[in-house]
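Written below as structure tokens is the structure these notes are about.
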Amino acid sequence: FVSTQAYENFTSLAMLEAMAAGNAVVAEDVGQSAEFVQPENGLLVTPATPVAFADAIAKYLRDADRHDAMAAASRRLATDVHTVEHSAADIVAFWREAGA
């Protein structure tokens, strides 16, 4: 899954669905992307240029021995870590901070 979302990845539903489906992730390092994309399940892209995205995707494709492990890690992170409770806590924390 490739996310070129340039602004806050505040609990990106598309990214979470892709992870739950067992996809590794290549995403721009913005907002909460680093909370979802860990070294075991994907690659963060900085700066977010077409060349940087192409390089990250090529790096992923060259590392075929890790594809299954990355897919499993994405699924585990989506189902065990980024639960409904975790997402709700993130939203509450966001609005508490915004109101402070």
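As a basis for the values below, the full set of heavy atoms in this structure was taken, side chains included, without hydrogen atoms, waters or symmetry mates. FYI, the numbering just counts along the sequence from 1.
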Tell me, with the steps shown, if Asp90 and Phe94 meet side-chain contact (heavy atoms from CB on, under 4.5 Å). CA-CA 6 Å; Asp90 277 353; Phe94 171 81; over 6 Å; no
Candidate pair Glu35 and His86, rule side-chain contact (heavy atoms from CB on, under 4.5 Å), full reasoning: CA-CA 12 Å; Glu35 188 174 328; His86 180 218; 2.9 Å; yes
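Judged by distance alone, with hydrogens and angles left aside, the side-chain atoms of Asn23 form a donor-acceptor pair with the main-chain N or O of Ala18 at under 3.5 Å. Remark: the backbone N or O of Phe36 is paired with a side-chain donor or acceptor of Asn41 at under 3.5 angstrom.
Taken to the nearest 0.5 Å, the OG atom of Ser33 stands 7.0 Å off from the CD atom of Gln5. Atom CD of residue Gln38 and atom CG of residue Leu44 lie 8.0 Å apart, to the nearest 0.5 angstrom. Rounding to the nearest 0.5 Å gives a distance of 9.5 Å between OG1 of Thr79 and CG of Leu16. In this structure, the separation between NE2 on His67 and OH on Tyr60 is 4.0 Å, given to the nearest 0.5 Å.
Contact of the Met19 side chain with the Phe1 side chain is not registered, since no non-hydrogen atoms from C-beta on lie closer than 4.5 Å. Within the 4.5 Å cutoff, side-chain heavy atoms of Arg76 are placed close to those of Val81.
In this structure Arg62 satisfies the side-chain contact (heavy atoms from CB on, under 4.5 Å) test together with Ala58, Lys59, sequence neighbours excluded.
Minimum heavy-atom separation, Gly22 to Ala71: O-CB, 3.0 Å. Residues Ala56 and Val26 share a closest heavy-atom pair of CB-CG1, 3.8 Å. In terms of heavy-atom proximity, Ala48 sits nearest to Glu28 at CB-CD, 3.1 Å. Annotation for Arg75 and Ala20: closest pair NH1-O, 2.7 Å, computed over non-hydrogen atoms. The shortest heavy-atom contact between Ala52 and Pro47 is CB-O, 3.0 Å. Nearest heavy-atom pair across Val37 and Val25 is CG2-CG1, 3.5 Å.
Hydrophobic clustering places Leu61 together with Leu43 (ILVMFWY residues linked when any side-chain heavy atoms are closer than 4.5 Å, directly or through intermediates). In terms of hydrophobic clustering, with Ile, Leu, Val, Met, Phe, Trp and Tyr side chains grouped at heavy-atom distances under 4.5 Å, Val45 and Val30 are assigned to different clusters.
Under the ring-ring contact (aromatic ring centres under 6.0 Å, His included) criterion, no residue pair touches residues 16-35, with sequence neighbours excluded.
Counting non-hydrogen atoms of other residues, nucleotides and ligands closer than 6.0 Å to CG of Asp63 gives a total above 12.
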